[in-house]
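Numbers restart at 1 for each chain; the letters A, B, ... are given by sequence-line order, proteins then strands. Reckoned from all heavy atoms, side chains included, excluding hydrogens, waters and symmetry mates.
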Protein chains: 2
Amino acid sequence: MKKPAFTEKQIASARQYQSTPPPEVHEGKVEALVNELIGRVADKWTMLILDILAENGEQRFTRLGELVTGVSQKMLTQTLRHMEREGLVTRTVHPVVPPRVEYKLTPLGMSLGAAFCGVWIWAEKNLDKVEQARTTFDRRAAAAKRKAAAR
Amino acid sequence: MKKPAFTEKQIASARQYQSTPPPEVHEGKVEALVNELIGRVADKWTMLILDILAENGEQRFTRLGELVTGVSQKMLTQTLRHMEREGLVTRTVHPVVPPRVEYKLTPLGMSLGAAFCGVWIWAEKNLDKVEQARTTFDRRAAAAKRKAAAR
DNA sequence: TTCTATACTTACCTTTGAGAGAGTGACCTT
DNA sequence: AAGGTCACTCTCTCAAAGGTAAGTATAGAA
């Protein structure tokens, strides 16, 4: 998909250091960084806020809270701070009373939004397939359970 | 990006039901389903396993545990079950001793892998930009803190 | 008989996530 | 003088995520 596959040897040497990341295996370092980045960025609220900002453009704090269904103030602030930290949004404070703060996607944020777009589309397109797979699985699991109980 | 924007009214009505999802707002229902699906699928281990399976093809349990850096047995089992449930992987048990179980992506799983590909690429490409944004942010935050302390 | 290999499962415990709700500061309106 | 607005911030609390380590079943090998 993207990374060159590791050799058996590299994997073995990486395993040794599982608790503290291997310092001299360069591939592993980059991989770890990418994974960490993915971990930060692929979180629920980040994705939702990204989506809303991509669709609706610059927004104020409270308005954003209304648009992102189910988010609490705390999570909104927290996620926005994180996003600002990694350069996905800009935060503009207008020094007026009452305060007025506007959030806007940076080009970097927009490019991430575009990258996620594929996943949104996949989700919309395959919603029913997943739904069906789930019921099939659950039905089968229930049957297996009955069988196990009968033994 | 994908969904039609809500009207003020719909948002207001949705807000009322924040604890239990609104039953009669249809748009909200679909949106909720998509969001939930994204939530299940965009999780760290799912993405990593998906990636490994896409790159290396069918794998046995233990081997998978070696390839997915840092995963515990528990999380591996759990994530694989979830993925099987939503039809992303097939689990083939060979009735031999010692047991032999093989995991393989379904076409659905592969299509999700392809969809995530954009995000991986984004992460690789923008790793340094994010890194830089972070240090800039942290430096600025530290400066603001000093300033606040001086007051 | 004891050991080994494989793919789990289960129990326990610590860490993290996340909501609810109250408080804050500054200025403007009434 | 009291109340309202906005964007937080803080604390308290409960739930969920996730790690560790031990246990299980089975048959062939030593």
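- Think of the region where chain B sits on DNA chain D: with heavy atoms and a 4.0 Å cut, that region ends 5' and 3' at D/dG18 to D/dA27.
- OP1 or OP2 of C/dC8 sits under 4.0 Å from a side-chain N or O of B/Arg81.
- Residues from residues 85-98 of chain A with heavy atoms under 4.0 angstrom of DNA chain D, sorted by number: A/Arg91, A/Pro98.
- With rounding to whole Å, B/Glu66 atom CD is found 12 Å from C/dT6 atom C1'.
- With contacts defined as side-chain heavy-atom distances shorter than 4.5 Å, the pair B/Leu112/B/Leu108 does not qualify.
- For the pair A/Val101 and A/Arg91, the minimum side-chain heavy-atom distance is below 4.5 Å.
- An end-to-end axis angle of 30° holds for the helix from C/dT1-D/dA30 to C/dT30-D/dA1, taken from five base pairs per end and rounded to 10°.
- Between A/Arg40 atom CZ and C/dT16 atom P the separation is 13 Å, expressed in whole Å.
- Residues B/Leu53 and B/Leu64 have side chains in contact (heavy-atom distance under 4.5 Å, counting atoms from C-beta outward).
- B/Arg134 places a side-chain heavy atom less than 4.5 Å from the side chain of A/Arg40.
- Between B/Arg63 atom CZ and C/dC8 atom P the separation is 17 Å, expressed in whole Å.
- Residues B/Glu66 and B/Thr62 meet the side-chain proximity criterion, which asks for heavy atoms closer than 4.5 Å.
- With a 4.5 Å cut-off on side-chain heavy atoms, B/His82 and B/Thr46 do not count as touching.
- Residues A/Leu48 and A/Val71 are not in side-chain contact: their nearest non-hydrogen atoms beyond the backbone lie 4.5 Å or more apart.
- Remark: B/Lys129 NZ to A/Leu37 CG distance equals 12.5 Å, nearest 0.5 Å.
- Along DNA chain D, the nucleotide nearest A/Tyr103 and the nucleotide nearest B/Lys74 are compared for position; the residue whose nucleotide lies closer to the 5' end is A/Tyr103.
- Residue B/Gln132 qualifies as open at atom CD: its count of foreign heavy atoms under 6.0 Å is 12 or below.
- We find that CD of B/Gln78 is positioned 12 Å from C1' of C/dT9, with the value rounded to whole Å.
- Contact check for A/Glu86 versus B/Phe137: no side-chain heavy atoms found under the 4.5 Å cut-off.
- Where A/Lys44 and A/Pro99 meet DNA chain C, the nucleotide closest to each residue was compared, and A/Lys44 sits on the side nearer the 5' end.
- Hydrophobic cluster membership is shared by A/Val130 and B/Met110, with clusters built from Ile, Leu, Val, Met, Phe, Trp and Tyr side chains linked at under 4.5 angstrom.
- At the heavy-atom level, B/Gln73 lies under 4.0 Å from base atoms of the strands shown.
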